[in-house]
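Protein chains get the first letters and strands the later ones, always in sequence-line order, with residue 1 at the start of each.
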Amino acid sequence: MAVPFNHREVENKWRKRWEEKTVNPKDPKKPKYYCLDMFPYPSGSGLHVGHWRGYVISDVWSRYKLIQGHYIIHPMGWDAFGLPAENYAIKMGVHPAKSTADNVKHIKEQINQIAALYDWDMEVNTTDPNFYKWTQWIFVKMFKAGLAYEKEMPINWCPSCKTGLANEEVVGGVCERCGSPVTKKNLKQWMLKITAYADRLLNDLDKLDWPEKVKKMQTDWIGKSYGAEVDFPVDGREEKIRVYTTRPDTLYGATFMVLAPEHALAASLATPEQKEAVDAYILQAANKSSVDRLQNKEKTGVFTGSYAVNPLNGAKVPIWLSDYVLADYGTGAIMCVPAHDDRDFEFAKKFDLPIIQVIAKDGVEDPDLQEAYVGSGVMINSADWSGQDSEKIKQEAPHILEERGIGKKTVNYKLRDWVFSRQRYWGEPIPIVHCPHCGAVAVPEEQLPVLLPEVESYQPTGTGESPLAAIDEWVNTTCPQCGGPAKRETNTMPQWAGSSWYFLRYVDNKNDKELVNREVADKLLPVDMYIGGVEHAVLHLLYSRFYTKFLCDIGVIDFDEPFHKLFNQGMITGKNGIKMSKSKGNVVSPDDLVRDYGCDSLRMYELFVGPPELDSEWDERGIDGVYRFMTRFWNLVMDNKDKNVPASKEMEKIRHRMVNDITSRLESFSLNTVISGFMEYNNKMIDLAKKEGGIDRETLETAVIMLSPFAPHIAEELWEQLGHTDSVFHQENGWPKCDEEMMKDDEVEIPVQVNGKTRCVISLPADVSKEDALKAGEEAVASRISGKIVKEIFVPGKIINFVVK
RNA sequence: GCGGAUAUGGUGGAAUUGGCAGACACGCAGGAUUUAGGUUCCUGUCUCUCGCGAGGUAUGGGUUCAAGUCCCAUUAUCCGCACCA
């Protein structure tokens, strides 16, 4: 009797072996392959089976590339600054540095259970001064390049997290992190000019092998639009009001104008009769939270009493204020064409303003317009434009306006600059010194890092000041420029600061002279494959692209996109698709499963549970099926390894087909069907081995090699049992290859249909001629044919169909 | 409201280019082994029908010799954006 399958013994044995000698030695002769996981923040709750999935996927891919002959860069680190770590620390009443260190230790142990190829020599931690020195260094470089600037303005403020937020961190009016409604707060903030990169961030998406969904989300977030700015003089005054429109073709239909309540001219446009109402409206708008603004879509507004002049036809149009116009997009003022814009239509109906149709689908005006017509058509009521195609006018209008000196062609973006300061303790101090004489001065590079000081109270103050502001001896310093007394910037950076560039540091994490050595970077970067959840589509992934482009521009690296290929894995949820969380009590820990079924079986089941890109419900029971497969495969190899049976034609066919199927499924990331493929071919091999009295060595070895990225321990053991002394991951010939000729059957089964319904299946030579096939098919279904055959279809290898009348 | 994705047995899910729907597993049922339970092995398992056969991939149409797959409309669920002029 062969050695029975004992996952615990096998796994313990190989863990030790791999510790003694890595299977992924740095070999400069091999081409690199950089496969990266989104690094976790070390929370106190540890890993559940959902966290495993992404790490298993990336490890399977890494090991596959390893066997193909690459040197694998597969690092792991800790995104340990930021709100989650700090909130956890506050909750548990310990210093964030302490709780972070404890959590890192714990999660590292849990990650090691996965038996991934992680190279811990490359480990980084964003809270390590040797790391955040370079996070600060990048900020200084951006400051010097004019990309980091201070501005006082109303920003998104989370009253629960007690800090300002970037636009990207506000989802549907609530804080992305804690779900509290976001308010506005007027604060002096550090901003990063990500808008300077808007076009490159947009255009370079084309270069990336990313899911279309993520590209689209970024495209929409950047929100580029083409249109025109048009100046409307204010009737009887000197000022002009500039508006932005994407529909200059509808200019003759502009019947009123709306300014955002925050517009600079809003108050001064009020006539004496309207002043009281206007002031009240401006005040009311200022107190409205963003959630109110989102939830209550009923249009409100107030007439200023003033009029503007349509520069094209001299028409006088009333100027209104309304909060449906955003102050910080375009010019904060719009011309309103109710006939051709839904929002303007609604506003015009509510306040009984005139509606002039200027485009008609068929050129005929609708006297009773019930809704805005936003499509294209023939221009009407538009002086010399009338009768022309509206799309043509849309293209030409900006130039016409420019010629007449009343407007110009313009481009606008939804993307806003990045609010970069946080009023919290647990982050990188912003390396700036405020000097009464010199203003904001960057801390000299040789003085970096600006260490995060120890404090008694690291709880957020909620006042808009960081807890750091209370530490006088830290705040008070000298100006690096003039030497006079000065104060340190007390805001910290957002969590995204470290994660925007950490992937560059892994490959040179001990370098204290440079962020990354250029030669090393040229050789080992960028990331070839990035694996993580979709939740960072416009946060981390946009910020990282921005940072990478900047670092490329200043010559630190020579590529301007960080992640060549991106894969978003779906979530593993609890019952009924509910996200696993401690509070829901539906968290499944991998610990028991690893103990009872082994790491390899859990790895396999993580993939088998469903398509990797979709969410999957965790169903504990299914893992039995994977475990049974492992046992059967183990027994198959053990029972046959010493038989030295020659390869039969039939067995060779199975082998080549197995290589073909498994490889193509793996290449297309259909990992759940790779696992079912292993099961299927295992059953086939078992059946045939029974019939033929054994199974040849090459087939066994091929199966073991292909299983090794998925179940590395068991594959190594079986490889050794098959008589090899080197690791299964070191294959001179790379990944198993298949020969299409060897996969072919001599005889093929072909269904024969009558009127599209299968009547029988016949066996024919693979290279049968059309005539012979049809003849054989007709004979086979002769008894089922009652009428006259009007059409005969033969698709080689697929189908025979007779159309009968 | 706009945009995107998804919809297949009791369950998770398979199905290159349109070519035998339900692979592979879970579960369930029956049997063998076992003192018994568990394990393991074998058989069955879309629905209706004793059977022949018929029907069947969210719903309704269409294209085709042939549709889960392509086209049109509808419904449901999930995700993204949400007054961006």
Check: A:Tyr627 ring centroid to A:Phe5 ring centroid under 6.0 Å:
yes
Check this one for me: any side-chain N or O of A:Asn672 less than 4.0 Å away from OP1 or OP2 of B:C24?
no
Answer syn or anti for B:G9, where the cut-off is 90° from 0 on the glycosidic torsion.
syn
So what does A:Val534 touch, heavy atoms closer than 4.0 Å: a base, only the sugar-phosphate, or nothing?
nothing
d(CD, A:Gln753; C1', B:C20) in whole Å:
7 Å
Base, sugar-phosphate, or nothing: which does A:Asn801 touch, judged by heavy atoms less than 4.0 Å apart?
base
Nearest-nucleotide wise, let me know which of A:Asp342 and A:Val626 is further upstream toward the 5' end of RNA chain B.
A:Asp342
For B:A82 and B:U77, measure between their P atoms and round to the nearest Å.
22 Å
With a 4.0 Å cut-off on heavy atoms, is A:Phe629 in touch with a base, just the backbone sugar-phosphate, or nothing at all?
nothing
Please say whether more than 12 non-hydrogen atoms of neighbouring residues, nucleotides or ligands are located less than 6.0 Å from NZ in A:Lys775.
no
Say we look at B:G13 and B:A25: how far apart would their C1' atoms be, to the nearest angstrom?
9 Å
Just call it for A:Val795: base, sugar-phosphate, or nothing, with non-hydrogen atoms closer than 4.0 Å on any strand.
base
Output yes when A:Arg657 and A:Asp661 qualify as a salt bridge under the 4.0 Å nitrogen-oxygen rule, no when they do not.
no
Go through the N and O atoms of the side chain of A:Lys299 and the base of B:C83, and report whether any donor-acceptor pair is under 3.5 Å.
yes
How would you label the contact of A:Asn683 with the nucleic acid (heavy atoms, under 4.0 Å): base, sugar-phosphate, or nothing?
sugar-phosphate
Within the 4.0 Å heavy-atom criterion, would you say A:Lys414 contacts the bases, only the backbone, or no part of the nucleic acid?
base
Categorize A:Ser225 for me: base, sugar-phosphate, or nothing, with a 4.0 angstrom heavy-atom threshold over every strand shown.
sugar-phosphate
Any A:Tyr329 side-chain nitrogen or oxygen under 4.0 Å from OP1 or OP2 of B:A85
yes
Is any side-chain nitrogen or oxygen of A:Arg628 closer than 4.0 Å to OP1 or OP2 of B:C26?
yes
Hey, which sits more toward the 5' end of RNA chain B by its nearest nucleotide, A:Ser664 or A:Ile799?
A:Ser664
Nearest-Å distance once atom P is located in both B:C26 and B:U43
14 Å
Across the strands shown, which category fits A:Arg632 at heavy-atom distances under 4.0 angstrom: base, sugar-phosphate, nothing?
sugar-phosphate
Using the C1' atom in both, what is the distance from B:U17 to B:C2, to the nearest Å?
34 Å
